[in-house]
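A note on names: the letters A, B, ... follow the listed sequences, proteins ahead of strands, and every chain is numbered from 1.
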There are 2 protein chains.
Amino acid sequence: MQISKRVQNMGEPALLKYYPLVDQAKARGIQVYYLNIGQPDIQTPQGFIQTIRGGHPEVLEYAQPEGETDLREAAGSYYRRYGLNFEKDEMLITNGGSEALLFTFLTLFNPGDEVLTPEPLYSIYKEMAAVSGIHLKGVKTYAENGFALPEKQVLEEAITEKTKGFLMTNPGNPTGKVFTQEEINRVAELALKHNLFVITDEVYREFIYEGAYVSPAHDSRLDEQCVVIDSISKRYSACGARIGFVLSKNKEVMYALRKLCQMRLAVSSVDQIGARELFKLNHVFFNAVIEEYRKRRDIVYECLKTIPGVVAEKPTGAFYYMAKLPVIKATDFIEWMITSFQEDGETVLLSPANDFYLNPADGADEVRIAYVLKSEDLRRAMALLKKGLEAYRLARPEAFKEMTDVH
Amino acid sequence: MQISKRVQNMGEPALLKYYPLVDQAKARGIQVYYLNIGQPDIQTPQGFIQTIRGGHPEVLEYAQPEGETDLREAAGSYYRRYGLNFEKDEMLITNGGSEALLFTFLTLFNPGDEVLTPEPLYSIYKEMAAVSGIHLKGVKTYAENGFALPEKQVLEEAITEKTKGFLMTNPGNPTGKVFTQEEINRVAELALKHNLFVITDEVYREFIYEGAYVSPAHDSRLDEQCVVIDSISKRYSACGARIGFVLSKNKEVMYALRKLCQMRLAVSSVDQIGARELFKLNHVFFNAVIEEYRKRRDIVYECLKTIPGVVAEKPTGAFYYMAKLPVIKATDFIEWMITSFQEDGETVLLSPANDFYLNPADGADEVRIAYVLKSEDLRRAMALLKKGLEAYRLARPEAFKEMTDVH
């Protein structure tokens with residue numbers, strides 16, 4: 001009596017191993033700044049809870065399997081502002097973007113199918129691929145050129161007869177990369193030529209600091225091939241409300257996805273009531289949020305560029321930096337920061353990048369920095385990172401990289 | 001570019017085809033009583049929304065992947081009252097009982113594995129099996145003896161070397177069957193002898209009108225083999241809150257299930273805040289609810305026993321009747337009731353039973369009646385069913401069964 005191979009094939013977040021150490025650090029009186037998780041600290045717009053207060057029915061009934069009509073209509077108006085024209089029957093509401101992704105994987109691919117995706121990638125894609133029996137095939141992108149999409153030839157070389165899809169996150173987590181029109185065109189040409197489904201995960205759509213939002217869903221040639229994944233979590237600082245979306249103009253795909261939605265009956269009624277209000281927010285709300293994150297991004301950059309040996313282009317989207325540090329093993333450095341470093345009783349927790357690669361040996365010297373702290377805290381956290389690196393160099397010279405290969 | 005075989009293998013709820021007809025009936029001014037779905041009409045306890053009003057934080061953050069600690073503790077106290085001793089690390093909170101079931105299927109079984117289950121069965125098990133690549137193998141149970149579990153020999157004959165689990169719903173949907181101690185023992189002996197996982201879906205635990213609640217989870221010999229599925233939906237009339245549970249004492253199973261929970265990040269924070277309050281309700285609340293359903297069950301029974309040719313023992317649990325009608329095809333009768341029957345501008349919608357069988361040819365003369373209407377409406381709905389059958393007999397004698405094989 002063993003558990004299934006598909007779940008055995010799943011990994012666990014690398015971060016989990018640090019939490020017991022963080023607890024020990026706290027027990028020693030150390031304050032920890034968290035740069036490791038993408039949990040925004042922006043206040044959730046009050047409309048969410050106010051509407052729940054007013055709109056709660058006597059009997060909390062199942063919502064429709066495909067999501068409440070009024071929420072899909074409200075979302076439709078929002079999408080149109082971004083040039084995405086989806087009718088309400090081209091849209092399903094899911095338990096967060098995660099369910100949207102899992103259902104899409106289960107629907108589009110058979111076990112054994114290959115899906116191409118730029119690396120580094122959002123780590124949870126790996127677990128969803130394991131559960132679905134899909135083989136993710138990475139095409140590497142690099143900090144040195146801001147994680148630009150590889151050239152057509154590199155992409156084509158990775159394609160085999162088993163390749164059935166292309167999976168992208170735009171703006172990128174963990175890279176903060178925003179795809180350019182030219183890169184989107186490259187994806188479109190590839191998908192059209194090789195009959196690939198394109199899954200575009202756009203949960204950070206608003207978080208663009210330079211350049212413009214371009215989606216493969218803007219290209220009508222891909223109407224039958226493109227599936228958009230979305231979520232209110234980051235956009236409205238409402239991660240705890242499990243409201244995601246999956247959008248497609250392919251009727252067969254939508255019919256199949258709807259069967260999966262029927263299988264799990266419904267999404268939280270109360271969260272849907274609250275979410276409807278959030279979609280009424282416009283650019284005034286987003287502008288303020290984006291300005292705040294832009295400021296934070298710049299704070300991280302101003303510090304990173306003063307640290308010898310760090311490689312990190314300024315990201316243009318989302319709220320993450322993927323940075324190369326001058327260390328042999330980022331996992332060791334992160335652990336050392338929690339167990340052996342402090343300044344004035346404070347330290348910082350980072351995310352190791354190996355979680356964001358298909359081969360855990362990759363990204364050994366990289367970390368992900370989520371800039372989701374208030375400016376003052378972020379400045380302090382970055383100063384701690386800088387001082388930590390200096391102290392690590394002295395304490396563990398053998399674990400530190402030679403400065404000859406400095407950026 | 002086709003959708004996956006696993007989703008192609010999924011069915012759609014048979015009921016869906018009636019809804020356009022219901023809309024047409026409504027457009028003709030007909031009032032329809034719904035006996036077809038298990039959506040309770042009992043008021044959701046007000047503690048749910050009151051607590052949300054008080055307890056909503058400024059930032060609606062991700063909850064823990066395994067579910068909030070305080071909700072798991074509150075649930076633990078509730079389970080102990082039913083003789084189920086699960087610590088909070090033997091418990092995960094899921095997006096409804098549906099996610100608990102899907103994750104359990106994905107965890108315990110490999111594609112191609114067989115799982116034994118009494119038929120008729122909760123229809124959604126079939127869709128989850130298709131998605132997971134599992135082969136459900138039915139052992140038939142019958143209206144004539146209240147859907148009693150088959151004898152040991154019948155169960156054993158259905159077991160092959162591929163059989164890895166036994167799946168049961170207790171109390172049963174659609175049967176209303178409550179397993180006796182002797183039947184639970186039979187399941188336990190079978191599972192122990194053949195090394196089967198036992199999945200016991202107990203979302204109707206409180207809804208028992210005669211006899212006692214007995215669970216395979218009460219038998220410590222099954223600690224490593226038993227997984228309990230649960231949900232607050234029916235119990236607290238809170239279907240729209242997506243709060244389910246999966247419980248097991250098998251550490252390896254729990255570790256695997258936790259990975260699936262991490263994959264989808266979290267369950268609705270607001271629903272978890274509300275649910276915590278619901279678990280404070282005690283037998284005073286349940287007694288009132290159960291008395292109400294008992295009364296409704298008896299209303300249905302009093303009517304059914306006056307209809308010639310109907311076979312339906314009085315169920316002892318849940319809020320469903322699975323009844324044999326004196327018709328050749330229940331699907332035709334149900335459709336006819338919506339398109340061609342009315343009395344004083346009213347008619348009734350039933351659930352066809354073929355959805356509740358693995359082979360859609362089975363259960364052709366059976367319907368499921370959900371008694372989730374107020375007494376007065378239920379009396380009227382049943383009277384309409386009775387009159388409808390009489391009218392159907394006159395209108396479609398060829399579709400009606402000979403009265404010689406009356407119960």
Participant: For A:Gln225, is it the side chain, the backbone, both or neither that has a heavy atom under 4.5 Å from a heavy atom of chain B?
Facilitator: both
Participant: At a heavy-atom separation under 4.5 Å, does A:Leu102 approach chain B through its side chain, its backbone, both, or neither?
Facilitator: side chain
Participant: Please determine which of B:Met10, B:Gln8, B:Glu127 meets the side chain to side chain contact (heavy atoms under 4.5 Å, CB included) test together with A:Lys259.
Facilitator: B:Met10
Participant: By a 4.5 Å heavy-atom criterion (distance strictly below it), what part of A:Tyr122 contacts chain B: side chain, backbone, both, or neither?
Facilitator: side chain
Participant: How about B:Val253 and A:Ile3: do any of their side-chain heavy atoms sit closer than 4.5 Å?
Facilitator: yes
Participant: Non-hydrogen atoms of chain B under 4.5 Å away: do they reach the side chain of A:Ile243, the backbone, both or neither?
Facilitator: neither
Participant: Working to the nearest 0.5 Å, report the span between CD1 of A:Ile232 and CG of B:Leu60.
Facilitator: 8.0 Å
Participant: Pick one of side chain, backbone, both or neither for A:Tyr255, based on which atoms fall under 4.5 Å of a heavy atom in chain B.
Facilitator: side chain
Participant: Side chain from CB out, backbone as N, CA, C, O: work out which of these in A:Asp113 comes under 4.5 Å of a heavy atom of chain B, or both, or neither.
Facilitator: neither
Participant: A:Leu265 and side chain to side chain contact (heavy atoms under 4.5 Å, CB included): which partner among B:Ser98, B:Ser233, B:Ser231?
Facilitator: B:Ser98
Participant: Using a 4.5 angstrom heavy-atom cutoff, name the option from B:Ser123, B:Pro13, B:Ala130 with the most pairs to chain A.
Facilitator: B:Pro13
Participant: Could you pull out the closest heavy-atom pair between B:Ser4 and A:Phe109, with the gap in Å?
Facilitator: CB-O, 3.2 Å
Participant: Scan for salt bridge (Lys or Arg N to Asp or Glu O under 4.0 Å) pairs involving residues 229-245 of chain B, sequence neighbours excluded, and state none if there are none.
Facilitator: B:Arg205-B:Asp230, B:Glu206-B:Arg235, B:Asp230-B:Arg235
Participant: Under 4.5 Å, heavy atom to heavy atom: which of residues 191-199 of chain B reach chain A? Give them by number, or say none.
Facilitator: B:Asn195, B:Leu196, B:Phe197
